[in-house]
Amino acid sequence: MIPTRKPLDVEEIRRRVEALGPWFHNLDLGGVRTAPGHFLYDYPEQKWRRFAHALPADLSGRSVLDIGCNAGFHAMEMKRRGAARVLGIDSDERYLAQARFAAEVNGLDIEFRPLSVYDVGSLGERFDIVLLMGVLYHLRHPLLALDLVHEHVARDLLVFQCMQRGSPRCEALEEDYDFYETWPFELPGFPRLHFIERRYAGDPTNWWVPNRACSAAMLRSAGFEILDHPEEEVFICRRVAAPSGAGAVYPARGSAA
Ligand SMILES: C[S@@+](CC[C@H](N)C(=O)[O-])C[C@H]1O[C@@H](n2cnc3c(N)ncnc32)[C@H](O)[C@@H]1O
């Protein structure tokens, strides 16, 4: 807990929320909604309620890294479960300012730092639980990000969530196919990553949207065993050894650093 300070009154919270906007996380800060007109309504609370049961209820003594933390909704939930240390990182300073304010209003001791997922190696630290939620489809290099998370910061659990489009099916595929066997690529449940050249949902930062089979396959390929899949977009994984030949080539391999 942050040392007790005089609680902010509702008018002051409203003023700060307005000044820090626009918000993506629709938080309830002392009765003030941060994004009352959110296109996904009560987000991320309503989605969180669908998979919160799949995460350990008691995080005492554990460390958590929330990558792409935005205004800190999940980081705050982790702290409320007793995590000893929670670090939220995001590439956007405006969201970090929101997160710091939200944590202050809620009296939660969480560190927030500006950092891209591509730079997690600079943290020099592993975390018991890493959250990578709603970030992958914003990346031009999604597998590189998963490889870096595996190589540098994940110690045990990875909580992964991604917007998905296309078929929800997952085909059982063979280990290998002959060069002339092209039919597997036509299966609806073949792992497929859809490239967005311009924008999707009005957002030019949406780059790659997987189908469900592709989310699962990319996680496995980066060395994350899927333990649970409590919601269609959410995967609870454990870090295991990466398949041989996999792994980030930058910056760990071929670098003098
Ligand atoms: C859709 S929001 C998801 C927020 C939150 N994790 C959630 O699940 O509600 C995506 C967040 O990822 C952040 N982001 C995008 N690219 C990033 C990068 N390269 N490194 C770290 N954060 C990034 C954005 O600034 C934004 O806050």
Side-chain angles (χ1 to χ4, degrees), residues 20-29 33-35 38-52 54-55 64-80 86-103 110-123 127 129-154 157-165 196 199-210 215 230-237 248 250-251:
L20 289 167
W23 295 64
F24 173 66
H25 278 174
N26 189 5
L27 309 175
D28 179 344
L29 297 183
R33 279 277 162 194
T34 56
H38 200 295
F39 77 109
L40 293 171
Y41 310 107
D42 189 8
Y43 193 88
E45 172 81 36
Q46 61 177 13
K47 194 167 186 75
W48 166 246
R49 272 190 248 116
R50 296 175 61 189
F51 66 91
L55 296 175
V64 178
L65 174 65
D66 184 2
I67 301 175
C69 60
N70 200 267
F73 176 91
H74 299 103
M76 290 189 283
E77 290 301 324
M78 297 296 103
K79 194 68 194 174
R80 287 188 177 114
V86 180
L87 172 62
I89 62 169
D90 202 290
S91 52
D92 192 326
E93 281 278 10
R94 289 168 305 171
Y95 290 136
L96 291 168
Q98 296 175 356
R100 288 187 192 104
F101 178 64
I110 301 173
E111 185 187 353
F112 293 101
R113 268 197 233 172
L115 196 72
S116 168
V117 64
Y118 299 121
D119 296 324
V120 287
S122 69
L123 289 172
F127 295 78
I129 300 170
V130 175
L131 310 184
L132 186 66
M133 306 186 56
V135 177
L136 195 93
Y137 54 91
H138 287 301
L139 304 175
R140 283 181 65 90
H141 311 287
L143 264 182
L144 173 63
L146 280 178
D147 286 347
L148 290 169
V149 168
H150 183 275
E151 197 152 315
H152 295 286
V153 285
L157 294 182
L158 172 72
V159 183
F160 175 87
Q161 180 262 326
C162 190
M163 169 169 69
Q164 291 170 170
R165 291 293 181 268
I196 314 289
R199 54 184 65 210
Y200 178 62
D203 186 343
T205 75
N206 287 327
W207 288 109
W208 291 100
V209 187
S215 291
E231 201 262 357
E232 57 264 32
E233 294 183 346
V234 177
F235 298 80
I236 315 289
C237 310
Y250 171 84

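Both counts, for ligands and for their atoms, begin at 1 and track the order of listing.
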Let's go through Trp208 and Leu143 carefully: what are the C-alpha distance in whole Å and the side-chain angles of both, what is the deciding distance for side-chain contact (heavy atoms from CB on, under 4.5 Å) to 0.1 Å, and is it a yes or a no?
CA-CA 11 Å; Trp208 291 100; Leu143 264 182; over 6 Å; no
Tell me the protein heavy atom at minimum distance from [atom], and give that distance in Å.
| atom | answer |
| --- | --- |
| atom 19 (N) of ligand 1 | Ser116 OG, 3.2 Å |
| atom 17 (C) of ligand 1 | Ser91 OG, 3.2 Å |
| atom 20 (N) of ligand 1 | Val117 N, 2.9 Å |
| atom 4 (C) of ligand 1 | Gly68 O, 3.3 Å |

For atom 9 (O) of ligand 1, which of His25, Met133, Arg140 has the closest heavy atom?
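Nearest heavy atom to atom 9 (O) of ligand 1 lies in His25.
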Check each of Ile89, Asp90, Leu139 against atom 26 (C) of ligand 1 and report the one with the nearest heavy atom.
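The residue whose heavy atom sits nearest atom 26 (C) of ligand 1 is Asp90.
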Qualifying residues under side-chain contact (heavy atoms from CB on, under 4.5 Å), relative to Pro22, sequence neighbours excluded:
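With neighbours one apart ignored, the set is empty.
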Give the atom numbers and elements of ligand 1 that come within less than 4.0 Å of a heavy atom of Tyr137.
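Numbered from 1, ligand 1 contributes 1 (C).
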Close-contact set for ligand 1 against Asn70 heavy atoms, below 4.0 Å:
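Result: 4 (C), 26 (C), 27 (O).
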Quiz question: by atom type and distance under 3.5 Å, do the side chains of Thr34 and Gln98 form a donor-acceptor pair?
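Absent: no donor and acceptor within the cut-off.
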Tell me, do Val130 and Val120 make a side-chain contact under 4.5 Å, heavy atoms counted?
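A side-chain contact under 4.5 Å is absent here.
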Consider every N or O of Gly134 and every N or O of ligand 1, then say whether any pair is closer than 3.5 Å.
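No: no nitrogen or oxygen of Gly134 is under 3.5 Å from one in ligand 1.
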